[in-house]
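These notes are about the structure you will find just below.
All figures in this text were calculated on a predicted structure; none of them were measured in a lab. Below, read A as the first sequence line, B as the second, and so on, with proteins coming before strands; counting in each chain starts at 1.
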2 protein chains.
Amino acid sequence: MTDLLTIGELSVRSGVAPSALRYYERLGLIRADRTGGNQRRYARAELRRVAFIRISQQVGVSLDEIRAALESLPGGRTPSPQDWERLSANWRGRLDERIRLLTKLRDDLDGCIGCGCLSLQRCTLNNPGDALAGEGPGARLMLPRPASPDGE
Amino acid sequence: MTDLLTIGELSVRSGVAPSALRYYERLGLIRADRTGGNQRRYARAELRRVAFIRISQQVGVSLDEIRAALESLPGGRTPSPQDWERLSANWRGRLDERIRLLTKLRDDLDGCIGCGCLSLQRCTLNNPGDALAGEGPGARLMLPRPASPDGE
DNA sequence: CTCTAACTTGAAGCGCGCTTCAACTCAAGG
DNA sequence: CCTTGAGTTGAAGCGCGCTTCAAGTTAGAG
């Protein structure tokens with residue numbers, strides 16, 4: 001049957017390396033049937049799951065969160081258009097927030113280009129309390145400022 | 001003299017952990033004089049350098065690029081307001097680009113929320129050629145798509 | 001049936017930006 | 001002078017999202 005994909009086919013169609021697909025499976029993000037010889041065979045619907053994963057990553061969501069989102073699906077299955085809509089709306093909020101923070105940073109940067117102050121105490125650029133939170137996966141762009149009692 | 005800071009003082013004032021400051025020094029991002037007993041003493045100007053580093057990180061610039069930027073300074077010294085202006089303008093372009101890409105992603109997401117297609121071949125969301133490039137430090141948010149001859 | 005490309009696994013490694021640790025030395029107040 | 005908190009080093013570890021490797025097995029065309 002041609003409606004089951006090998007890992008190589010899924011890789012080519014999704015643009016995701018086989019090693020990454022296996023990694024996703026270990027994390028519980030996608031699933032595969034097995035042939036008698038223990039090779040993976042993916043239902044076409046897994047393509048959607050992979051697409052959802054990659055898009056979510058671009059939004060800045062970690063694989064762990066993506067897994068949680070996928071598990072939250074009523075049927076536990078590949079997202080239907082309705083599921084997709086619900087999840088997308090959720091991610092959209094994050095995207096909005098990221099854009100908002102980056103825009104604020106840009107504005108602050110503009111404000112500072114004129115002054116050149118860079119005063120750690122006063123410059124708006126250096127107010128971590130309101131800076132970027134959780135950027136990309138794996139990266140702590142916003143700096144979990146270590147115990148610094150001098151909060152100023 | 002109180003115009004030299006210990007690493008602890010610089011840490012508190014900058015909000016950056018001592019371990020990170022030592023790490024920056026090893027990478028050549030900041031520098032310190034030494035006491036007779038081999039302890040670091042920072043000129044106050046290093047505060048500006050640290051501020052510049054942290055802000056640049058928020059913009060999504062890697063430490064290596066920040067190092068290169070700092071080394072590019074005419075005098076090789078801590079950024080003056082003019083230097084700062086030049087560098088900031090540079091970073092600003094990156095920030096603009098990041099915001100542009102995220103905004104595009106958001107729009108695409110909106111467009112897709114209605115259709116729920118998620119077709120890997122056709123959906124604009126899945127066109128890696130124009131997606132986010134180099135997000136935060138350390139993170140490959142944009143997915144160096146492995147050899148996939150099927151570029152569609 | 002044979003051959004080869006594609007698949008399987010677990011373990012280890014990578015890149016970035018740090019943090020943590022152990023073992024030790026220094027600075028400075030009482 | 002003594003004590004104690006702060007500093008020093010190199011090496012190792014962490015978290016995330018993978019990739020790479022070695023050693024072996026399978027699928028499917030010829």
Problem set entry | Along DNA chain D (nearest heavy atom to each residue), the more 5'-positioned of A:Thr35 and A:Ser19 | A:Ser19
For this session: Grab the CG-P distance between B:Asp64 and C:dC18 for me, whole Å please.
Result: 13 Å
Problem set entry | B:Arg100 bridged to B:Glu97 by N-O distance under 4.0 Å | yes
Exercise. Is a salt bridge present between A:Asp64 and A:Arg67, judged by a nitrogen-to-oxygen distance below 4.0 Å?
Worked result: yes
For this session: Calculate the interatomic distance between A:Ile53 atom CD1 and D:dC18 atom C1'; express it in whole Å.
Result: 13 Å
Tabulate protein N/O versus nucleotide N/O from nucleotides 7-9 of chain C, keeping only pairs under 3.5 Å, one per line.
unit_1	atom_1	unit_2	atom_2	d
C:dC7	OP1	A:Thr6	OG1	3.0
C:dC7	OP1	A:Gly8	N	2.8
C:dT8	OP1	A:Arg40	N	2.6
C:dT8	OP1	A:Arg40	NH1	3.0
C:dT8	OP2	A:Arg22	NE	3.3
C:dT8	OP2	A:Arg22	NH2	3.3
C:dT8	OP2	A:Arg40	NH1	3.1
C:dT8	O5'	A:Arg40	NH1	3.4
C:dT8	O3'	A:Arg34	NH1	3.4
C:dT9	OP1	A:Arg34	NH1	3.2
C:dT9	OP1	A:Arg34	NH2	3.2
C:dT9	OP2	A:Arg40	NH1	2.9
C:dT9	OP2	A:Arg40	NH2	2.6

Exercise. For B:Tyr24 and C:dC16, what is the distance between atoms OH and C1' respectively, to the nearest whole Å?
Worked result: 12 Å
Exercise. Which whole-number value in Å describes the distance from B:Arg26 CZ to D:dA12 C1'?
Worked result: 12 Å
Problem set entry | Salt-bridge criterion met for A:Arg34 and A:Glu25 (N-O under 4.0 Å) | yes
For this session: Show the numbers, then the answer: is there a salt bridge (charged side-chain N to carboxylate O under 4.0 Å, His left out) between A:Glu9 and A:Arg13?
Result: CA-CA 6 Å; A:Glu9 289 164 346; A:Arg13 286 190 166 286; over 6 Å; no
Exercise. Taking atom P of C:dG17 as reference, at what distance in whole Å does atom CG of B:Leu21 sit?
Worked result: 15 Å
Exercise. Would you call B:Arg41 and B:Glu46 a salt bridge, taking side-chain N to carboxylate O under 4.0 Å as the test?
Worked result: no
Problem set entry | Value in whole Å for how far the P atom of C:dT19 lies from CG of B:Leu63 | 11 Å
For this session: Using a cut-off of strictly less than 4.0 Å, decide whether A:Arg54 has a side-chain nitrogen or oxygen near OP1 or OP2 of D:dG17.
Result: no
Seminar exercise, completed: Taken to the nearest whole Å, CD/A:Glu25 to P/C:dG10 is 11 Å
For this session: Could you tell me the separation between the CG atom of B:Leu4 and the P atom of D:dA6, rounded to a whole number of Å?
Result: 19 Å
Exercise. Counting only side-chain N and O atoms of B:Gln57, is one of them less than 4.0 Å from OP1 or OP2 of C:dC18?
Worked result: yes
Exercise. What's the spacing between A:Asp96 CG and A:Leu101 CG if we round to 0.5 Å?
Worked result: 11.0 Å
